[in-house]
Amino acid sequence: MSDRLTVFKTYKLYVGGKFPRSESGRVYEVTDSKGKWLANAPLSSRKDARDAVVAARKAFGGWSGATAYNRGQVLYRVAEMLEGRRDQFTREVADAEGLSKSKAAAVVDATIDRWVWYAGWTDKIAQVVGGGNPVAGPFFNLSSPEPTGVVAVLAPQESSFLGLVSVLAPVIATGNTAIVVASENAPLPALSLAEVLATSDVPGGVVNVLSGRTAEIATPLASHQDVNAIDLAGADEALAKELEIAAADNLKRVLRPQPVDYAETPGIDRLTAFLETKTVWHPTGSLGASGSSY
């Protein structure tokens with residue numbers, strides 16, 4: 001019996017619920033920690049970044065308008081799908097980050113747990129950061145959180161899977177849509193995550209995944225007038241400063257890069273980073289000695 005040829009995987013971008021190649025036709029070699037070739041990944045262009053913004057904006061209305069409970073169900077479904085592909089992601093994380101199989105498996109388990117963590121927060125964050133405000137007058141005064149909009153997310157460079165999920169999940173959990181720029185040297189776990197998202201219940205366009213040179217993709221996203229916020233987790237100091245200046249043009253929210261131990265249980269900082277607060281006043285009616293007449 002002759003030896004069969006291995007079927008190599010073709011990695012593609014994930015934009016608007018579809019898997020296109022880069023419009024430029026470019027690819028770049030992805031290698032493991034020892035320099036061994038793993039795959040050719042798409043080298044995204046500025047046009048790919050603009051297409052991803054259009055897809056994210058189109059999906060924003062439906063996703064932000066869904067109930068928080070429904071978003072939690074969708075995120076939990078992603079965790080279920082990740083659990084079913086645990087072995088695949090263990091191999092990819094081991095190759096991407098130079099880890100042993102056991103350590104890579106622990107990273108994948110932590111990543112799945114991180115999805116479940118944020119799935120549980122979708123219908124609870126409003127009670128933490130919103131609620132009724134005491135006022136001196138015959139009014140109801142209620143504050144409630146709303147998503148900021150389209151968020152560009154530069155995934156951490158070193159933590160290709162756990163770090164990626166730790167910055168992506170809180171963005172979509174609160175009703176935003178995202179354009180993810182995968183780790184430049186280790187993009188394969190992110191591109192495979194896109195396949196999980198596509199076969200889960202996440203609507204197309206809610207998450208868009210681009211691979212390539214971080215600076216090349218992030219620059220047009222930071223200056224794009226229809227991007228509302230940007231997470232600079234995967235930018236070095238020089239690039240972060242450049243992107244902050246570009247983001248100021250339309251007053252984007254900017255989450256600056258900071259040292260993070262992604263293995264630690266997260267707080268709610270990233271959940272609240274891309275939320276706006278809407279406050280509503282409503283009269284209760286006249287308040288007399290006999291009580292409210294409302």
Side-chain angles (χ1 to χ4, degrees), residues 14-19 52-86 89 109-132 142-153 155 161-162 164-180 190 192-209 226-229 231 253 255 265-280:
Y14 184 53
V15 178
K18 298 180 180 179
F19 291 93
V53 175
V54 171
R57 177 58 63 190
K58 184 177 180 181
F60 177 69
W63 184 244
S64 61
T67 65
Y69 177 73
N70 178 245
R71 286 199 298 269
Q73 289 180 308
V74 171
L75 261 67
Y76 189 80
R77 176 62 176 165
V78 174
E80 290 179 349
M81 299 294 287
L82 286 173
E83 188 77 38
R85 297 176 67 164
R86 181 176 178 273
F89 281 102
D109 289 344
T111 303
I112 297 170
D113 293 346
R114 190 63 44 87
W115 268 112
V116 176
W117 163 271
Y118 282 115
W121 269 107
T122 57
D123 58 355
K124 300 173 183 65
I125 190 66
Q127 284 71 48
V128 176
V129 299
L142 304 173
S143 294
S144 59
E146 293 188 338
T148 298
V150 174
V151 181
V153 179
F161 196 41
L162 178 57
L164 164 72
V165 167
S166 296
V167 297
L168 169 61
V171 169
I172 64 173
T174 49
N176 299 288
T177 53
I179 301 107
V180 177
S192 290
L193 174 63
E195 297 173 0
V196 171
L197 297 173
T199 53
S200 302
D201 299 322
V202 181
V206 170
V207 178
N208 304 275
V209 182
D226 205 24
V227 174
N228 304 108
D231 185 342
R253 281 196 171 213
L255 186 60
T265 301
I268 63 170
D269 292 352
R270 277 197 147 80
L271 283 166
T272 59
F274 303 116
L275 286 175
E276 308 291 341
T277 300
K278 177 178 72 176
T279 300
V280 177

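Just so it is clear, the values below take in all heavy atoms, side chains as well, and ignore hydrogens, waters and symmetry mates.
Checked by atom type and distance alone, the side chain of W63 pairs as donor or acceptor with a backbone atom of I172 at under 3.5 Å. Looking at T122, its side chain does come within 3.5 Å of a backbone N or O of A68 through a donor-acceptor pair. For the pair N176 (side chain) and G149 (backbone), a donor-acceptor distance under 3.5 Å is present.
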- [ ] Step by step, work out the side-chain contact (heavy atoms from CB on, under 4.5 Å) result for V209 and L193.
- [x] CA-CA 9 Å; V209 182; L193 174 63; over 6 Å; no
Task: Stepwise side-chain contact (heavy atoms from CB on, under 4.5 Å) check, R253 with V151 - done: CA-CA 9 Å; R253 281 196 171 213; V151 181; over 6 Å; no
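Summarising the geometry of G61 relative to S64, their closest heavy-atom pair is O-OG, 3.4 Å, with the distance given to 0.1 Å. Residues T174 and L271 come closest through the heavy atom pair CG2-O, 3.6 Å. Across V202 and V78, no two heavy atoms sit closer than the pair CG2-CG2, 3.7 Å. In this structure, A229 and T148 approach most closely via the heavy-atom pair CB-CG2, 4.3 Å. Heavy atoms only, all atoms of each residue included: A178 and V153 are closest at CB-CG2, 4.4 Å. Nearest heavy atoms, V150 versus A56: CG1-CB, 3.8 Å.
P147 places a side-chain heavy atom less than 4.5 Å from the side chain of F60. Looking at V196 and F89, their side chains come closer than 4.5 Å, going by heavy atoms from C-beta outward. Contact check for T277 versus V129: no side-chain heavy atoms found under the 4.5 Å cut-off. Taking the side chain as every heavy atom from C-beta outward, V167 and V171 never approach each other to under 4.5 Å.
Listed by first and then second residue, the salt bridge (Lys or Arg N to Asp or Glu O under 4.0 Å) pairs that reach into residues 52-74 are R57-D226, sequence neighbours excluded. Within the structure, no pair that satisfies the salt bridge (Lys or Arg N to Asp or Glu O under 4.0 Å) test touches residues 111-132, not counting sequence neighbours. Each salt bridge (Lys or Arg N to Asp or Glu O under 4.0 Å) pair with one or both residues in residues 194-203, not counting sequence neighbours, appears once here: K9-E195, R85-E195.
In terms of the side chain to side chain contact (heavy atoms under 4.5 Å, CB included) criterion, residue partners of T199 (sequence neighbours excluded) are, by chain and number, M81. Scanning for salt bridge (charged side-chain N to carboxylate O under 4.0 Å, His left out) contacts around D269 gives an empty result, with sequence neighbours left out. Qualifying side chain to side chain contact (heavy atoms under 4.5 Å, CB included) partners for S144, counting only residues two or more places apart in sequence or in other chains: K278. Taking L142 as the reference, nothing meets the side chain to side chain contact (heavy atoms under 4.5 Å, CB included) condition, with sequence neighbours excluded. With sequence neighbours excluded, no residue satisfies ring-ring contact (aromatic ring centres under 6.0 Å, His included) with F274. With sequence neighbours left out, the ring-ring contact (aromatic ring centres under 6.0 Å, His included) criterion links F19 to Y14. Partners of E83 by salt bridge (charged side-chain N to carboxylate O under 4.0 Å, His left out), not counting sequence neighbours: none found. In this structure N70 satisfies the side chain to side chain contact (heavy atoms under 4.5 Å, CB included) test together with A66, T67, Q73, V74, sequence neighbours excluded. Applying the ring-ring contact (aromatic ring centres under 6.0 Å, His included) criterion to Y118, with sequence neighbours excluded, gives no partner residue.
Between the CG atom of L75 and the CH2 atom of W117 there is a distance of 14.0 Å, given to the nearest 0.5 Å. Rounding to the nearest 0.5 Å places CG of D231 at 12.5 Å from CD1 of I179.
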